[in-house]
Asker: 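Shown below is the structure under consideration.
Computation of the quantities below employed the complete heavy-atom set of this structure, encompassing side-chain atoms and omitting hydrogens, waters and symmetry-equivalent molecules. Below, chains carry the letters A, B, ... as their sequence lines are ordered, and counting in each starts from 1. It should be emphasised that the depicted structure is a prediction, and the values quoted were computed from it without experimental measurement.
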Amino acid sequence: MQTAILKYVLKACIRDRLIISLLVATVVAVSLSVFIGSSAVTEQDQFVMVFIASSLRYLYVIGITLFIAFYCIRMKDTRELDFLLTRPVTRVQYVLSHGLIFLLLALFFSGIVTGLLSGIFYKKFGISFLIWGFSFFGELLIVTYLAYFFSMVLKSVVTAALSSLAFYTFSKIIGQILGIVHDPLTGGDRPFLSGMMEGISLVVPRLDLFTQNEWLLYGAGGNESQIFLVLFVQTALFGSVLIAATCIDLLRRDF
Amino acid sequence: MKLYSQTFKDHKIVFIFFLFFLICQGFFSTKIQYERASWSNVPKAPARTAYVLSFLGDEALAHRVLSNLLQNFGGSGGRFVAISDYDMDTVSEWLFLGNSLDPKSEYLPFLAAYFFGASQDKEKLRPIIAYLEEVGVSGGKEKWRWLVQAVILARFELEDTDLALRLANKLASLWRPGMPAMMMQMPAFVQLGMGEKEASYQIMTELLREEGDKMHPNEVNFMVDYICTRLLTPTQKESDPLCIDVP
């Protein structure tokens, strides 16, 4: 049954033109990055590298979020979800199967982007490229699980997609917010707000630590194993939280 | 016309409307073809945190976008503004902001030394020199070269010998075994009272000889071009081996 769900989601990817759309958009993003980066008077390679890495990251995050939001809401609207749950599969297995296929999708897309960056900048290729690639995989995985959670909980595509992207944005800037809170000059001004932000940060993944373009430009500074560990633990922990939360929501739902 | 008809044939007036407004749009475009957004000089640099937040915490991207912005300030959309018209105090704010985002990059010091450093209004160079000084003493790999550029700008463009000497002494204090001897000689260069072009030539060629292989090719090209087109006379240029490939 799990293989059937796997094939079902893959067919949805093809039906929704997810893969082909992202690949075409990748070509456009890379071309634009090369064009804009080449206008710099020096360090053109660094400009192109940063523009490609950042634009593709946002492109894939938005693309996969929209796909999952549309896919899940449509499943609910057309009663496909009800039908699938009449098959010999538990609700937990259903969520876990989706978790697995989204993991494969994240792996596939992060592989494309990392491969592309490594191919274009093969002269600068190093272990830091792999660290960046792994962190992109982690970021994409958390985003897919986030989109899956919101899409299963909420009823509208718009609110599901916006909630996912808002949470993603918050996760990307949480490091800066903590920086403001911990700043000795400004942090002590509003102890209530500072305490509240610190409290919220406990349940927000530190996505600001992921896909740092400095790794591509200057290497990871010899801390590869430590960085890898932090990325792995954060991805595994928050990914598990989201999958468990989605399971709880589906188990409590009445059809 | 049939009541509630949905066919195009019965609603030709819509097509006429479309054509009319399209022609009006085309006519309007011809009238505003040469309009350009007004130039209100370089805006004040935002706070670092606010700026980084607008890039979702991506400092490398924030730095590259800022660098691209600085390179094209005043020179986009068919408008060209002389560098002397730039407000260099705000330019230096942007430079410091950019430097804090990526202290390892050589892009902004390069822009400060060769692009903004070419300002026709020499008095406006002070904030640029201050920026190059800060980068030069930051202790990063090969960053001292930007202090050399600060000395050159102070001594030969701004012609402020006191400032140049202070910077040259700072440069000399950065010297460690294995670094170019020119760093130690810089205070003497400033004090010698040599002709502007002669001293610049010696410093630049020394820098190229000792550090050229570590520089970005574009930076080497800029230096060679500076030497051949601004420091040497056409006769000197013809006999200088450095300028063989310079048109």
Asker: Please tell me whether B/F55 and B/Y51 form a close aromatic pair, meaning their ring centres lie under 6.0 Å apart.
Answerer: yes
Asker: Should B/K44 and B/E93 count as an ion pair when the cut-off is N to O under 4.0 Å?
Answerer: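 Salt bridge: yes.
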Asker: Can a salt bridge be assigned to the pair B/K104 and A/E214 using a cut-off of 4.0 Å between side-chain N and carboxylate O?
Answerer: no
Asker: Any idea which of A/I177, A/V50, A/V41 has the most non-hydrogen atom pairs under 4.5 angstrom with chain B?
Answerer: A/V41
Asker: Would the distance check show the side chain of B/N41 and the main-chain N or O of B/D87 forming a donor-acceptor pair, the cut-off being under 3.5 Å?
Answerer: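 At least one qualifying donor-acceptor pair exists.
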Asker: Does CZ in A/F125 sit with more than 12 non-hydrogen atoms of other residues, nucleotides or ligands closer than 6.0 Å?
Answerer: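 Counting neighbours around CZ of A/F125, more than 12 heavy atoms of other residues, nucleotides or ligands fall under 6.0 Å, so yes.
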Asker: Considering only heavy atoms, which portion of B/Y107 lies under 4.5 Å from any heavy atom of chain A: side chain, backbone, both, or neither?
Answerer: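 Contact with chain A: backbone and side chain both.
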Asker: In terms of heavy-atom pairs under 4.5 Å, which option from A/S39, A/G175, A/G179 contacts chain B the most?
Answerer: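 So the answer, after comparing A/S39, A/G175, A/G179, is A/S39.
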Asker: Taking the six-membered ring for Trp, are A/F102 and A/Y148 ring centroids under 6.0 Å apart?
Answerer: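 Aromatic pair counts; centres sit under 6.0 Å.
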Asker: Please report the interatomic distance CE(A/M49) to CG(A/N213), rounded to the nearest 0.5 Å.
Answerer: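 The CE atom of A/M49 sits 9.5 Å away from the CG atom of A/N213.
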Asker: Looking at A/F35, I'd like to know if its CZ atom is crowded, meaning that more than 12 non-hydrogen atoms belonging to other residues, nucleotides or ligands lie closer than 6.0 Å.
Answerer: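 Not more than 12 within 6.0 Å, no.
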Asker: How would you list, in number order, the residues of residues 127-144 of chain A that have a heavy atom less than 4.5 Å from chain B?
Answerer: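 Residues in range: none.
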Asker: Report which part of A/Y58 has an atom under 4.5 Å of a heavy atom belonging to chain B: side chain, backbone, both, or neither.
Answerer: side chain
Asker: Could you look at A/L217 and say if it's the side chain, the backbone, both or neither that has a heavy atom under 4.5 Å from chain B?
Answerer: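 Just its side chain gets close to chain B.
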Asker: Ring-plane angle category for A/F238 and A/F167, please: parallel below 30°, perpendicular beyond 60°, tilted otherwise.
Answerer: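 Parallel: the ring planes of A/F238 and A/F167 meet at under 30°.
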Asker: Of all of B/N68, B/V65, B/T49, which one pairs up most often with chain A through heavy atoms under 4.5 Å apart?
Answerer: B/N68
Asker: Please state whether the side chain, the backbone, both or neither of B/D102 comes within less than 4.5 Å of a heavy atom of chain A.
Answerer: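 Contact with chain A involves the side chain of B/D102 alone.
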Asker: Between B/Y114 and chain A, with a heavy-atom cut-off of 4.5 Å, which part of the residue counts as in contact: side chain, backbone, both or neither?
Answerer: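 Contact with chain A involves no heavy atom of B/Y114 at all.
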Asker: A/T211 versus chain B, heavy atoms under 4.5 Å apart: side chain, backbone, both or neither?
Answerer: neither
Asker: Roughly how far apart are B/L101 CG and B/D58 CG, rounded to 0.5 Å?
Answerer: 10.0 Å
Asker: For the CD atom on A/Q226, are there more than 12 heavy atoms of other groups (residues, nucleotides or ligands in this structure) within a distance under 6.0 Å?
Answerer: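 It does not: A/Q226 CD has 12 such atoms or fewer within range.
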Asker: Measure distances from A/I36 to the heavy atoms of chain B and classify the residue's part below 4.5 Å as side chain, backbone, both or neither.
Answerer: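 For A/I36, heavy atoms of backbone and side chain both lie under 4.5 Å from chain B.
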